[in-house]
Amino acid sequence: MTAKVTYESVEVGTELPAQSFPVTRATLVQYAGASGDFNPIHWNEKFAREVGLPDVIAHGMFTMAEAIRVVTDWAGDPGAVVEYGVRFTKPVVVPNDDKGTLIEVSGKVAVLLDDKRVRVDLTVMSDDKKVLGMSRAVVQLG
């Protein structure tokens with residue numbers, strides 16, 4: 001597979017289409033089952049509060065996975081992402097209601113690299129708080 005976006009079609013500052021990803025308690029239970037991460041901070045409100053959290057929080061790896069979807073959807077090929085890293089800055093708090101919360105992600109091309117690669121910087125927010133810092137991906141373009 002190859003990225004659908006070509007290196008020649010982007011420049012520093014090119015914005016990727018922003019996306020919002022809903023997260024509910026049911027989403028967290030499904031992710032726990034798929035990942036095997038059954039830490040009670042992700043599903044048990046009483047436990048989460050006892051350990052000092054404001055409420056149940058989303059898994060960090062889940063938050064990372066949702067964020068990189070902006071890049072993979074833009075590139076058209078998940079395999080085009082050759083590097084990806086983040087710093088966890090704030091938890092994604094998921095209330096116990098039918099609405100849940102949103103992970104809101106925007107991104108832009110920050111650096112043009114050699115060999116038709118670009119660095120994309122992501123801004124990842126939830127409840128008006130930046131939840132991932134230094135969120136960067138290197139993408140191999142066509």
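The structure presented is a predicted model; accordingly, all values stated were derived computationally and were not measured.
By the criterion of side-chain heavy atoms lying less than 4.5 angstrom apart, applied directly or through intervening Ile, Leu, Val, Met, Phe, Trp or Tyr residues, L141 is not grouped with V82; the two fall into different hydrophobic clusters. Both V10 and V70 are part of a single hydrophobic cluster, where members link through side-chain heavy atoms under 4.5 Å apart.
Rounded to the nearest 0.5 angstrom, T101 OG1 and R25 CZ are separated by 11.0 Å. The structure places NZ of K4 at 9.0 Å from CG of D77, a figure rounded to the nearest 0.5 Å. Considering CG of D121 and CE of M134, their distance stands at 8.0 Å, rounded to 0.5 Å.
Considering V120, L122, T72 as possible partners of Y84, the one that fulfils the side-chain contact (heavy atoms from CB on, under 4.5 Å) test is L122. Results of the side-chain contact (heavy atoms from CB on, under 4.5 Å) test with F21 over V105, T63, L102 single out V105 as the only residue that passes.
Across all non-hydrogen atoms, the minimal contact from T27 to P22 is OG1-O, 4.4 Å. Here the closest heavy-atom approach between residue L112 and residue V109 is recorded as CD2-CG1, 4.1 Å. Here the shortest heavy-atom pairing between Y7 and R117 reads CE1-O, 3.3 Å.
Within the 3.5 Å criterion, the main-chain N or O of V131 finds a donor-acceptor partner in the side chain of T89. At distances below 3.5 Å, at least one donor-acceptor pair connects side-chain atoms of D37 with backbone N or O atoms of N39. Between the D127 side chain and the K129 main chain, no donor and acceptor come within less than 3.5 Å of each other. Checking side-chain atoms of E15 against main-chain N and O of S106 turns up no donor-acceptor pair under 3.5 Å.
Its side chain within the 4.5 Å cluster rule, L53 clusters with I41, F47, V51, I57, V93 among the Ile, Leu, Val, Met, Phe, Trp and Tyr residues.
Using a 4.5 Å heavy-atom threshold, the side chains of L28 and V56 count as touching. Between K90 and K130 the shortest side-chain heavy-atom distance does not fall below 4.5 Å. Annotation: side chain of D55 is in contact with side chain of R49 (closest heavy-atom distance under 4.5 Å).
Ring geometry for H42 against H59 counts as parallel: the plane angle stays under 30°, on a 0 to 90° scale with 60° as the upper cut.
In D98, the CG atom is not crowded: 12 or fewer heavy atoms of neighbouring residues, nucleotides or ligands sit closer than 6.0 Å.
Shown here are the side-chain hydrogen bond (donor to acceptor under 3.5 Å, both in side chains) partners of T6, two or more places apart in sequence or in another chain: S9.
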